[in-house]
Amino acid sequence: MINGNVLVAVRGGIIYQRSFGLQNTETAVLNNKATNFELASLSKVITAVAVMQLAERRLVELNEPVKKYLPDFPYPAITVRHLLSHTSGLPDFELFDAAINEEPNRVMTNADIIPALKKWGPLKLSPGQQWSYSSPGIGLLALIIEKVTNLKFQEYLTRNIFKKAAMTASYSVLNRNYQHDPHKAVPYALPFYFSNDFVLADTMARNVKFLHQSGGVEGPGLLVSNVTDLYRFDEALFGGRLLKPSTLKIMFKPQRLADGSLATAPHAPGKALFGLGWFILPDSSAGKIVFHSGYKPGTTTILMHNITKRQCIIVLDNGSSPGVHASAMNAMQLINGKPAGNVKTAVTFPYGKTLLTSGPDAALVHMQTLVSDTLHYTMAARDWIAMGYEFYRTEHQKEALETFRMGFILYPDNDFLCMLYADALVKSDKRKEAKMLYLRAQKLNPKNPEIVSRLEKLRDGH
């Protein structure tokens with residue numbers, strides 16, 4: 001269930017470190033301690049630390065408008081704190097879809113963020129209304145760092161984080177030829193959730209699009225590192241060499257929304273609170289645990305830290321393994337004397353593969369043989385949402401409808417599943433049924449602006 005590297009440390013000492021699987025299938029090089037992995041969104045915690053360093057120096061004020069530092073930014077109510085806590089209401093990488101449709105070979109950069117936001121128009125969410133993940137928002141933080149320090153973003157990181165933490169192997173894919181790094185972990189992935197064979201992730205259509213959306217945007221991703229360097233980062237951060245203890249307390253305080261409720265973020269295996277740049281586990285029975293993960297096709301990463309007990313878990317994977325986050329959580333359970341859970345696979349994976357190859361009856365029968373095996377398989381609403389949407393976005397309309405239908409039968413009270421099922425029905429020109437599902441989704445979650453937007457489009461005949 002893992003193809004990568006694992007490191008577990010307690011109170012400054014590594015108690016477990018092991019490598020699994022291949023760094024490169026063509027050369028048969030095994031993953032090892034020196035293997036470098038692209039961190040994907042795990043890069044965001046390093047960007048957040050950089051911003052908090054500037055906050056300590058009073059070069060950046062968390063509650064000041066972004067516009068103070070970036071005058072062309074079009075949303076005057078959004079603050080630096082909103083960006084750090086993903087409560088700004090800004091879009092994610094769909095921000096660049098229009099530009100990429102016009103220029104399919106273009107790779108977006110930080111310089112494209114503000115022009116794209118100016119074209120985006122009014123936001124669907126007001127600042128502080130809801131937790132909503134925005135990688136371009138973290139890209140804006142990189143721009144702010146450059147503006148107030150007069151240093152290139154990577155130069156700032158090198159001077160103030162990498163060198164201070166003795167991170168000798170860490171770099172950006174924009175600063176060094178990642179393709180020729182002999183220690184690079186080559187990413188492998190299933191082209192689609194319903195596929196049977198792994199391929200090079202960079203050859204996949206969805207990864208190519210993702211690379212155009214994010215391949216030049218610093219701040220939310222693009223950093224490369226290994227378990228040794230990340231452990232050094234962890235030790236430096238929680239040892240007070242990168243930030244003051246008082247600043248860390250600010251980072252790890254759950255943020256509140258405008259209505260006073262805590263900012264809550266969806267994250268497997270459940271929901272998490274969110275501070276400034278970090279997820280926070282709501283269950284503190286084993287100590288206060290903070291973490292961040294990263295994902296892109298072929299790459300999955302996570303760093304967890306138990307602040308109370310000074311425990312660190314790092315897992316870096318280059319095989320799209322389904323058990324990365326569960327393995328990290330299990331490691332944290334074990335070192336705290338609690339039983340580890342089994343790493344499980346969503347039953348929708350075998351269901352989807354059988355549906356595509358043998359049809360709905362065979363898929364249903366196959367699923368029924370697996371659902372009772374709760375030791376190895378999970379079945380949750382999010383799994384049906386993910387598989388249904390995978391079929392939907394890849395133009396497998398019949399399979400999408402069948403998957404959403406099955407999911408709806410099992411989880412009729414999931415508003416997001418109802419909404420996506422309705423989307424698929426609209427595409428099949430079943431507008432009456434779609435309207436009923438949109439209305440049901442709206443009743444289940446009246447605060448979701450996406451449902452209102454879809455109903456309006458349906459009324460207008462779109």
Donor + acceptor pair across side chains of [X], [Y] (<3.5 Å):
{"X": "Asn3", "Y": "Asp317", "value": "no"}
{"X": "Ser225", "Y": "Tyr171", "value": "no"}
{"X": "Asn336", "Y": "Lys309", "value": "yes"}
{"X": "Gln311", "Y": "Arg11", "value": "no"}
{"X": "Asp92", "Y": "Ser134", "value": "no"}
{"X": "Lys338", "Y": "Ser285", "value": "yes"}
{"X": "Ser135", "Y": "Lys44", "value": "yes"}
{"X": "Asn5", "Y": "Asn31", "value": "no"}

Say whether, by atom type as modelled, one donor and one acceptor occur between the side chain of [X] and the main chain of [Y] under 3.5 angstrom.
{"X": "Asn32", "Y": "Leu30", "result": "yes"}
{"X": "Thr27", "Y": "Thr25", "result": "no"}
{"X": "Asn101", "Y": "Asp97", "result": "yes"}
{"X": "Thr87", "Y": "Gly128", "result": "no"}
{"X": "Asn226", "Y": "Thr228", "result": "yes"}
{"X": "Thr301", "Y": "Leu39", "result": "yes"}

Is there side-chain contact between [X] and [Y], with at least one heavy-atom pair below 4.5 Å?
{"X": "Phe233", "Y": "Val45", "result": "yes"}
{"X": "His325", "Y": "Ser293", "result": "yes"}
{"X": "Val426", "Y": "Arg431", "result": "yes"}
{"X": "Lys124", "Y": "Gln129", "result": "no"}
{"X": "Leu200", "Y": "Tyr188", "result": "yes"}
{"X": "Leu401", "Y": "Leu425", "result": "yes"}
{"X": "Leu7", "Y": "Gln17", "result": "yes"}
{"X": "Asp423", "Y": "Tyr438", "result": "yes"}

Residues [X], [Y]: salt bridge by 4.0 Å N-O rule:
{"X": "Lys430", "Y": "Glu433", "answer": "no"}
{"X": "Asp415", "Y": "Arg440", "answer": "no"}
{"X": "Glu450", "Y": "Arg454", "answer": "yes"}

Plane angle bin for Phe238 and His305 - parallel if under 30°, tilted between 30 and 60°, otherwise perpendicular: parallel
Any residue meeting side chain to side chain contact (heavy atoms under 4.5 Å, CB included) with Ser453, in chain and number order, not counting sequence neighbours: Lys457
Residues that His366 engages under side chain to side chain contact (heavy atoms under 4.5 Å, CB included), provided they are two or more places apart: Pro350, Thr354, Thr369, Leu370
Distance in Å, Cys312 SG paired with Ile307 CD1, rounded so as to fall on 0.5 Å steps: 12.0 Å
Distance, nearest 0.5 Å, that separates CZ of Phe349 from OG of Ser195: 10.0 Å
Phe391: which of Tyr351, Phe194, Trp384 passes ring-ring contact (aromatic ring centres under 6.0 Å, His included): Phe194
Test applied, ring-ring contact (aromatic ring centres under 6.0 Å, His included); reference residue, His86; option that passes from Phe279, Trp278, Phe274: Phe274
Stacked cation flag Lys427 on Tyr392, 6.0 angstrom / 45 deg: yes
With Lys296 via salt bridge (Lys or Arg N to Asp or Glu O under 4.0 Å) - residues at least two apart: Glu38
Chi angles and distances behind the side chain to side chain contact (heavy atoms under 4.5 Å, CB included) call for Glu26, Val186: CA-CA 10 Å; Glu26 290 187 9; Val186 178; over 6 Å; no
Working for side chain to side chain donor-acceptor pair (under 3.5 Å), residues Ser88 and Tyr75: CA-CA 10 Å; Ser88 65; Tyr75 304 106; over 6 Å; no
